[in-house]
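We use all heavy atoms of the structure for the numbers below, so side chains are in, but hydrogens, waters and symmetry mates are not. Throughout, protein chains are lettered first and strands after them, A, B, ... in sequence-line order, and every chain is numbered starting at 1.
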2 protein chains.
Amino acid sequence: MMNLNSRPGRIGTPCLACPLRMKPAFEDKTDDEIRFIQAMKTDHRSLKAGSDIISPDQESAELYTLFSGWAFRYKSLPDGRRQILNFLLPGDIVGLQASLLAAAQHGIEALTDVELCVFPRKRIWDLFVRMPNLAYELAWLGSREESMIDDNLTSVGQRNASERIAALVITLYRRADALGLVSDGSFDFPLSQQQLADALGLSLVHTSKTWSKLRKAGLFTISGGRLTLLNPRLTARMAAVYEQSKAPRPLI
Amino acid sequence: MMNLNSRPGRIGTPCLACPLRMKPAFEDKTDDEIRFIQAMKTDHRSLKAGSDIISPDQESAELYTLFSGWAFRYKSLPDGRRQILNFLLPGDIVGLQASLLAAAQHGIEALTDVELCVFPRKRIWDLFVRMPNLAYELAWLGSREESMIDDNLTSVGQRNASERIAALVITLYRRADALGLVSDGSFDFPLSQQQLADALGLSLVHTSKTWSKLRKAGLFTISGGRLTLLNPRLTARMAAVYEQSKAPRPLI
DNA sequence: CGGCTATTTGACGATTATCAAAATTAGTGG
DNA sequence: CCACTAATTTTGATAATCGTCAAATAGCCG
């Protein structure tokens with residue numbers, strides 16, 4: 001499923017004018033910092049939906065920032081069962097764990113067509129030496145990802161099927177909203193039910209039944225790959241999720 | 001349940017002679033690095049089993065290294081359900097996520113009596129500026145923790161009750177073994193069945209039944225708070241867990 | 001319009017949860 | 001050290017949730 005459609009022509013796209021960085025979801029950076037990031041970036045890569053970004057057991061992975069599209073991290077058992085660990089949206093760091101630990105313990109796959117900013121693994125060390133503030137923010141982003149996995153683990157371990165779906169929907173909604181991807185309560189929702197099931201720790205059939213039960217209950221509708229959240233309040237209450245911080249976060 | 005039994009007298013215990021650091025589980029550090037760590041350490045604190053190390057929703061947490069004893073991270077839902085996210089053993093970093101994200105999204109509780117090396121939050125920044133290698137290792141330790149949570153999520157999402165227990169037992173066995181805490185296949189196992197259940201995402205009753213089923217199947221025995229792993233091979237196979245790296249890791 | 005994949009539905013079975021109570025263990029004070 | 005209480009663990013019975021199997025329907029792409 002590899003599809004390395006590199007477009008070196010876009011390497012030159014100035015990070016100073018990065019449209020993602022303009023969004024209010026992200027913290028401001030100094031020009032110095034942005035220039036450093038730009039110098040660290042060696043490629044701007046496009047991959048088709050379904051491609052491996054990092055394959056399981058890959059050694060020495062590159063580090064990426066997801067520029068556009070969705071991806072997910074997953075872990076497989078020897079017999080084929082698969083757990084989706086978390087979803088990645090634009091601005092998220094991709095492959096930090098794999099870069100630091102040297103041997104990836106998981107795979108990362110493009111959920112939609114994606115564009116990635118590529119940072120070679122070797123330069124991460126440079127970043128720690130020369131840009132402690134960026135290093136700190138990298139660690140911050142790592143902790144943020146861990147926090148999201150904590151939430152998923154709590155969901156899968158403690159919530160029932162309906163609650164898990166409600167929690168996933170409201171969480172993705174909020175994340176999409178922070179990126180300005182929500183309009184009129186609806187946003188692109190590219191997950192198949194198999195992927196939903198793998199993320200929720202449920203069977204495909206049970207996911208389908210619960211999914212349609214919640215639609216019939218009026219929580220949300222889905223059509224044309226877009227999800228419309230009709231009742232955010234009820235959805236959040238059903239999921240028993242807490243508010244999340246809306247403060248801007250670092251973008252590297 | 002707070003029990004802040006500070007023992008400033010031990011602050012002076014030289015990190016250069018730290019008995020934990022001597023263990024082969026940990027990487028060697030330069031004297032410079034160790035001296036920096038020592039300077040950063042402001043206290044050596046003892047807490048009773050059951051104490052909060054970091055309470056849920058606590059802001060501005062300190063950073064610790066677990067010097068002795070066990071602890072666990074957990075997350076609660078509003079109605080009281082609780083998920084134990086991971087267990088902490090000597091040498092593990094405690095509260096990194098809470099320190100970086102400013103507002104803890106989880107609680108950390110002492111499972112046994114513990115001793116902690118205390119590092120004030122403010123000095124983490126110093127560490128990033130002055131000791132990039134230590135900063136890198138801090139990030140590395142964060143990624144290692146995330147990797148362990150990935151495993152737990154995969155367990156809870158994909159494995160059945162027996163497999164989950166087998167996976168937890170073999171994983172804790174290996175971690176204890178790496179620290180030299182295993183002798184004749186047995187090690188201290190301080191978890192109550194309620195804690196087991198909360199970690200596995202199972203009910204207390206089902207945990208008890210499955211637990212005793214595996215004992216009767218000859219995987220392990222337990223007595224006097226010590227667990228003896230009788231059949232590591234079978235346990236690992238039942239859990240379908242992969243090998244873990246046995247390379248030394250950083251200790252901060 | 002086919003042929004493929006994804007989703008939905010129904011029937012049934014297995015796993016896990018809940019309830020209640022007994023048995024065991026741990027903790028406390030005399 | 002014993003007696004008593006409280007907490008933890010175990011067991012049995014029953015119910016709910018979720019998984020599996022199989023087939024039908026719907027959606028998608030050439």
Side-chain angles (χ1 to χ4, degrees), chain A residues 1 48-50 77 79-84 109 111-113 155-169 188-217 220-227 238-239, chain B residues 1 3 48-50 77 79-84 111-113 155-169 188-217 220-227 238-239:
Chain A
M1 281 245 222
K48 285 283 173 205
L77 294 181
D79 63 3
R81 285 176 285 181
R82 179 178 79 160
Q83 178 67 38
I84 291 183
E109 183 178 320
L111 180 57
T112 66
D113 292 355
S155 224
V156 172
Q158 302 300 324
R159 295 196 245 250
N160 66 26
S162 298
E163 294 170 330
R164 283 183 220 180
I165 289 183
L168 183 66
V169 166
D188 278 323
F189 194 87
L191 307 207
S192 73
Q193 301 218 2
Q194 183 62 64
Q195 288 159 344
L196 263 177
D198 288 347
L200 299 169
L202 297 170
S203 72
L204 174 60
V205 173
H206 196 60
T207 301
S208 171
K209 285 174 179 169
T210 310
W211 185 248
S212 75
K213 190 179 87 180
L214 294 197
R215 275 179 305 166
K216 281 165 192 155
F220 53 82
T221 61
I222 194 150
S223 85
R226 274 184 88 79
L227 186 148
M238 167 169 292
Chain B
M1 284 242 225
N3 187 311
K48 286 282 174 208
L77 295 182
D79 64 4
R81 286 176 285 181
R82 179 178 80 159
Q83 178 67 38
I84 290 184
L111 180 57
T112 65
D113 291 355
S155 224
V156 172
Q158 302 299 324
R159 294 197 246 250
N160 65 27
S162 297
E163 293 169 330
R164 282 183 222 180
I165 289 183
L168 183 66
V169 167
D188 278 323
F189 194 87
L191 308 207
S192 73
Q193 300 217 5
Q194 183 63 63
Q195 289 160 342
L196 264 176
D198 288 347
L200 299 169
L202 297 170
S203 71
L204 174 59
V205 173
H206 196 61
T207 300
S208 171
K209 286 173 179 169
T210 310
W211 185 249
S212 74
K213 190 178 86 180
L214 295 196
R215 275 180 304 166
K216 281 166 191 154
F220 53 81
T221 61
I222 192 149
S223 85
R226 274 184 88 79
L227 186 148
M238 167 169 292

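- When distances are taken from the side chain of B:Lys216 to each of D:dT11, D:dT10, C:dT8, the shortest belongs to D:dT11.
- Whole-Å rounding puts the B:Lys213 NZ to D:dG12 P distance at 15 Å.
- Distance, B:Leu214 CG to D:dT9 P: 16 Å, rounded to whole Å.
- For B:Ser192, taking side-chain heavy atoms from C-beta onward, the closest of the listed nucleotides D:dT9, C:dA17, C:dT7 is D:dT9.
- If you take CD of A:Glu163 and P of C:dA17, they are 14 Å apart, rounded to a whole angstrom.
- Here the nucleotide nearest the side chain of A:His206, chosen from D:dG19, D:dT9, C:dT8, is D:dG19.
- A:Gly201 comes within contact range of the sugar-phosphate backbone alone, with a heavy-atom separation under 4.0 Å but no base atom that close.
- Residue contacts shown for B:Ser203 include a base, since a base heavy atom lies under 4.0 Å away.
- When the P atom of C:dA14 is taken as reference, atom CG of B:Leu202 falls 20 Å away, rounded to whole Å.
- Whole-Å rounding puts the B:Leu196 CG to D:dT9 P distance at 9 Å.
- The distance from atom CZ of B:Arg81 to atom P of D:dT17 is 12 Å, rounded to the nearest whole Å.
- Summarising the geometry of B:Leu111 relative to B:Gln195, their closest heavy-atom pair is CD1-OE1, 3.2 Å, with the distance given to 0.1 Å.
- A sub-4.0 Å separation between OP1 or OP2 of D:dT10 and a side-chain N or O of B:Gln193 is present.
- Of the candidate nucleotides C:dT16, D:dC18, D:dA22, D:dA22 has the atom lying nearest to any side-chain atom of A:Val205.
- Here D:dT10 is the nucleotide among C:dT7, C:dT16, D:dT10 with the atom lying nearest to any side-chain atom of B:Arg215.
- Distance from the side chain of A:Ser208 is smallest to C:dT9 among D:dT9, D:dT11, C:dT9.
- Nearer to the 5' terminus of DNA chain D, by closest-nucleotide assignment, is the contact made by A:Arg159 (compared with the other of A:Arg159 and A:Gly224).
- Checking side-chain atoms of B:Thr210 against main-chain N and O of B:Thr207 turns up no donor-acceptor pair under 3.5 Å.
- Relative ring orientation between B:Trp211 and B:Phe220 is described as tilted, the plane-to-plane angle lying within the 30° to 60° band.
- A:Asn160 has its CG atom 11 Å from the C1' atom of D:dC18, to the nearest Å.
- The nearest whole Å value for the distance from the CD1 atom in A:Ile222 to the C1' atom in C:dA6 is 13 Å.
- Shown here for A:Ala161 and A:Leu202, the closest heavy-atom pair between the two residues is CB-CD1, 3.7 Å.
- Just one residue in the list B:Gln83, B:Arg82, B:Gln193 forms a side-chain hydrogen bond (donor to acceptor under 3.5 Å, both in side chains) with B:Asp198, and that residue is B:Arg82.
- Side-chain atoms of B:Lys209 come within donor-acceptor range of the base of D:dG12, with a qualifying N/O pair under 3.5 Å.
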